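Here's the structure, in structure tokens; my notes come after.
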Amino acid sequence: GEVDLSDAAARAKLHAELAEQIETHRGAYYRDDQPLVSDAEYDELSRRLEALEEQFPELVTDSSPTQTVGGSVDTSTFAPVEHIGRMYSLDNVFDFEELRAWHDRVRDAVSAKSKFLCELKIDGLAVNLLYRNGELVRAATRGDGRIGEDITANVRTIADIPQRLDTEFPPAEVEIRGEVFFPVEKFAELNAQLVAEGKPPFANPRNSAAGSLRQKDPAVTASRPLHMLVHGIAAWTPADDSHPEPAHQSEVYEQFRQWGLPISEYYKVLGTLDEIEEFISYYGDHRHDVTHEIDGIVVKIDDFAVQEALGYTSRAPRWATAYKYPPEEVTTKLLDIQVQV
Ligand code: NAD
């Protein structure tokens, strides 16, 4: 029913209810890999909470879902690991007007004419790879952004991910972040197999990636056709002065490519808002031409100095935003099927 927002107690109650619902859905999605609602429904709850807090800022607390990175650590199955650099979520925009507002904000904040790196938002599971002197030593889920789950043995079964970086001069230490995904074309096959074995199927390819990776037994992970694409770095410690950290995100990607890491073939460095909108429209029409699911486009400032100047909120970088595509009916249908099984 309608809540009387002029009543302080009523709006505090609404705030608590929305926050609790969001936390419940985060648990189902991140801990259980079995969402109870579609992503669009979850996004709608998040937007209602954001709008309420915008109107009544006194309702904002440090633990509000608007201020935290969703995700938890299942310590009964995985060892907790502390990331060296924090892992963040992304702020969203849902139309070109909101995109323009973000663009104008970052352009006002920095006088530099930085370009924008546009890439597909891969609907998978965020994974943090730690390489020391070129060797993969650890892999973890995002968790709450500070502490993740140790999934090193499982990640070692993914063929895309090199155990050793292909370079004579690797950084002394670097965290490489990316997305593990389940190819869309293999998804129906996996669900058919699970149903035949009397096990519950997954709601969508994203959850099948998370469920396949977060297994106690790495042999199960090894049997699943998982892939990874990398899209971020943190905690780069150069080996020596003649091999410094690159100055642009796009340079890092080219470095990754040379090192044998899996890089998306679809990213573009663009200069103007018009070009960004064109990129977004193009992949809105071609989102099924790609092997993984796409839930939007990520726009990042390419220049690291500008990224640093803009910094982060407690939840997300200010130097990036995710343009979310409108929901597709198919997700809801898959959820319906799941409920019937
Ligand atoms: P997010 O998925 O909107 O954005 C952050 C993540 O995007 C990062 O962790 C990163 O790993 C990933 N990403 C993918 N491609 C990327 C790229 N090219 N560059 C940078 N990052 C990239 O935020 P979130 O906090 O992880 O999750 C929120 C979203 O998850 C919701 O909008 C919803 O779609 C979904 N969700 C759904 C439910 C549910 O119940 N259905 C519950 C929780 C979350």
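Worth saying up front: this structure is predicted, and the values here are computed from it rather than measured. Every number for a ligand or one of its atoms is a count from 1 in the order of the listing. Residue numbers start at 1 and run along the sequence shown.
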Which is it for D43 and S46 under the side chain to side chain donor-acceptor pair (under 3.5 Å) test, yes or no, and what are the steps along the way?
CA-CA 5 Å; D43 287 347; S46 302; 5.1 Å; no
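Shown here is E251, whose CD atom has more than 12 heavy atoms of other residues, nucleotides or ligands within 6.0 Å.
In this structure, the side chains of F256 and I233 come closer than 4.5 Å at one or more pairs of heavy atoms. Contact annotation: the side chain of F202 approaches that of L194 to within less than 4.5 Å [non-hydrogen atoms, C-beta and beyond].
Nearest heavy-atom pair, E173 versus R132, reported as atom, atom and distance to 0.1 Å: OE2-NE, 2.7 Å.
Donor-acceptor pairing under 3.5 Å is lacking for the side chains of T272 and D274.
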Which protein N or O atoms sit under 3.5 Å from any N or O of ligand 1? Give each pair with its distance.
from: ligand 1; atom 1: 2 (O); to: K121; atom 2: NZ; distance (Å): 2.9
from: ligand 1; atom 1: 3 (O); to: K121; atom 2: NZ; distance (Å): 3.4
from: ligand 1; atom 1: 9 (O); to: R142; atom 2: NH1; distance (Å): 2.8
from: ligand 1; atom 1: 11 (O); to: E179; atom 2: OE1; distance (Å): 2.6
from: ligand 1; atom 1: 11 (O); to: E179; atom 2: OE2; distance (Å): 3.4
from: ligand 1; atom 1: 13 (N); to: E179; atom 2: OE1; distance (Å): 3.4
from: ligand 1; atom 1: 15 (N); to: I122; atom 2: N; distance (Å): 3.1
from: ligand 1; atom 1: 18 (N); to: E119; atom 2: OE1; distance (Å): 3.2
from: ligand 1; atom 1: 18 (N); to: L120; atom 2: O; distance (Å): 3.1
from: ligand 1; atom 1: 19 (N); to: K300; atom 2: NZ; distance (Å): 2.9
from: ligand 1; atom 1: 23 (O); to: S89; atom 2: OG; distance (Å): 3.1
from: ligand 1; atom 1: 25 (O); to: S89; atom 2: OG; distance (Å): 2.7
from: ligand 1; atom 1: 25 (O); to: R142; atom 2: NH2; distance (Å): 3.3
from: ligand 1; atom 1: 26 (O); to: Y30; atom 2: OH; distance (Å): 3.3
from: ligand 1; atom 1: 26 (O); to: R142; atom 2: NH1; distance (Å): 2.9
from: ligand 1; atom 1: 26 (O); to: R142; atom 2: NH2; distance (Å): 3.0
from: ligand 1; atom 1: 27 (O); to: Y30; atom 2: OH; distance (Å): 2.9
from: ligand 1; atom 1: 32 (O); to: D43; atom 2: OD1; distance (Å): 2.4
from: ligand 1; atom 1: 32 (O); to: K324; atom 2: NZ; distance (Å): 2.6
from: ligand 1; atom 1: 34 (O); to: D39; atom 2: OD2; distance (Å): 3.4
from: ligand 1; atom 1: 41 (N); to: V37; atom 2: O; distance (Å): 2.8
from: ligand 1; atom 1: 41 (N); to: D39; atom 2: OD1; distance (Å): 3.1

